[in-house]
Amino acid sequence: MKTISLPIRFGLVTSTVLIAYFLLLSLFHKHINPVFSFFNAVITAFGIYEAIRVYKLQYLEMFSYGEGFKTGLITGSIATILFTAFFLLYATELNADFVSQLLATIKGGFDTNVGMITAVVAIMGFATTVICTLTVMQLFKKESK
């Protein structure tokens, strides 16, 4: 149980930073531009990196590629779930015009709803989590001689 509390804490912090970044963008009305969401990957990657780094420092004798990978997946998954829940709350309760503004910015002629956009946010978050975890683990894998 002790080993799982670390990625949960880092997942909570990462989701808080993602939400703060989204709200900062909304102050300047930039949250409707999907280009700015690419920085979410940087935030997620840094949260995963820090979680794995601290895990390795605390549990050096237990650390393996599998344990680091699990730590990264848990961290990113928790951040994704919490950010997606916030996104759904924001799009339905806090700013009901958000989805229509977002779709107008994209100019794709899409006929979609909040549920579909929220699902896309979740899928992108989980995909980012897997890719960032695989990438970050290359920095932490043991060298074989």
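Both backbone and side-chain heavy atoms feed into the values below; hydrogens, waters and symmetry mates do not. Residues: numbered from 1 along the sequence shown.
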Main-chain N/O of Ile74 paired to Ser77 side chain as donor or acceptor, under 3.5 Å: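 Judged by distance alone, no pair lies under 3.5 Å.
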Atom pair OH (Tyr90) and CG (Leu23), whose distance is rounded to the nearest 0.5 Å: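 The distance works out to 7.0 Å.
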same_hphob_cluster(Leu6, Leu139) at 4.5 Å side-chain heavy-atom cutoff: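 Yes, Leu6 and Leu139 fall within the same hydrophobic cluster.
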For the student: nearest non-hydrogen atoms of Val114 and Ala91, plus distance: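 Shortest heavy-atom contact: CG1-CB, 4.1 Å.
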Counterpart residues, side chain to side chain contact (heavy atoms under 4.5 Å, CB included), relative to Leu25 (two or more places apart):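 Leu25: side chain to side chain contact (heavy atoms under 4.5 Å, CB included) contacts with Tyr21, Lys30, His31, Phe36.
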Taking every non-hydrogen atom, the tightest pair across Glu67 and Met62: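 Taking Glu67 first and Met62 second, the nearest heavy atoms are CG-O, 3.8 Å.
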Closest non-hydrogen atom pair, Leu82 against Ser15: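 Nearest heavy atoms, Leu82 then Ser15: CD1-OG, 3.5 Å.
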Heavy-atom pair of closest approach, residues Gly47 and Thr14: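 What the structure gives for the nearest pair is CA-OG1, 3.4 Å.
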Parallel, tilted or perpendicular: ring planes of Phe69 versus Tyr65, cut at 30 and 60 degrees: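 If you compare the ring of Phe69 with that of Tyr65, the planes turn out parallel.
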List the atom pairs, donor and acceptor, that lie under 3.5 Å between side-chain atoms in residues 127-136 and the rest of the protein, sequence neighbours left out.
| from | atom 1 | to | atom 2 | distance (Å) |
| --- | --- | --- | --- | --- |
| Thr128 | OG1 | Met124 | O | 2.7 |
| Thr129 | OG1 | Gly76 | O | 3.3 |
| Thr129 | OG1 | Gly125 | O | 2.9 |
| Thr133 | OG1 | Thr129 | O | 2.7 |
| Thr135 | OG1 | Ile131 | O | 2.8 |

Inter-residue atom distance Leu88.CG - Leu94.CG, 0.5 Å rounding: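 Result: 10.5 Å between the selected atoms.
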Exercise: identify the closest heavy-atom pair between Glu50 and Phe10: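 Closest approach of Glu50 to Phe10: CB-CE2, 3.6 Å.
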Over all atoms of both residues, closest heavy-atom pair of Thr84 and Ala122: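 Closest pair (atom of Thr84, atom of Ala122, distance): OG1-CA, 3.6 Å.
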Ring geometry between Phe140 and Tyr49 (parallel below 30°, tilted from 30 to 60°, perpendicular above 60°):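 Taking Phe140 first and then Tyr49, their aromatic rings sit tilted (interplane angle of 30° to 60°).
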Leu27 side, atom CG; Phe22 side, atom CZ - distance, nearest 0.5 Å: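 Output value for this atom pair is 11.0 Å.
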Residues in ring pair (Phe, Tyr, Trp, His ring centres under 6.0 Å) contact with Tyr55, at least two apart in sequence or another chain: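 So Tyr55 forms a ring pair (Phe, Tyr, Trp, His ring centres under 6.0 Å) with Tyr59.
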Distance, nearest 0.5 Å, that separates CD1 of Ile48 from CE of Met137: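 These two atoms lie 11.5 Å from each other.
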CG-CD1 distance between Leu24 and Ile19, expressed to the nearest 0.5 angstrom: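 Between atom CG of Leu24 and atom CD1 of Ile19 there are 13.5 Å.
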Separation of Ser37 OG from Ile43 CD1 (nearest 0.5 Å):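 Answer rounded to 0.5 Å: 10.5 Å.
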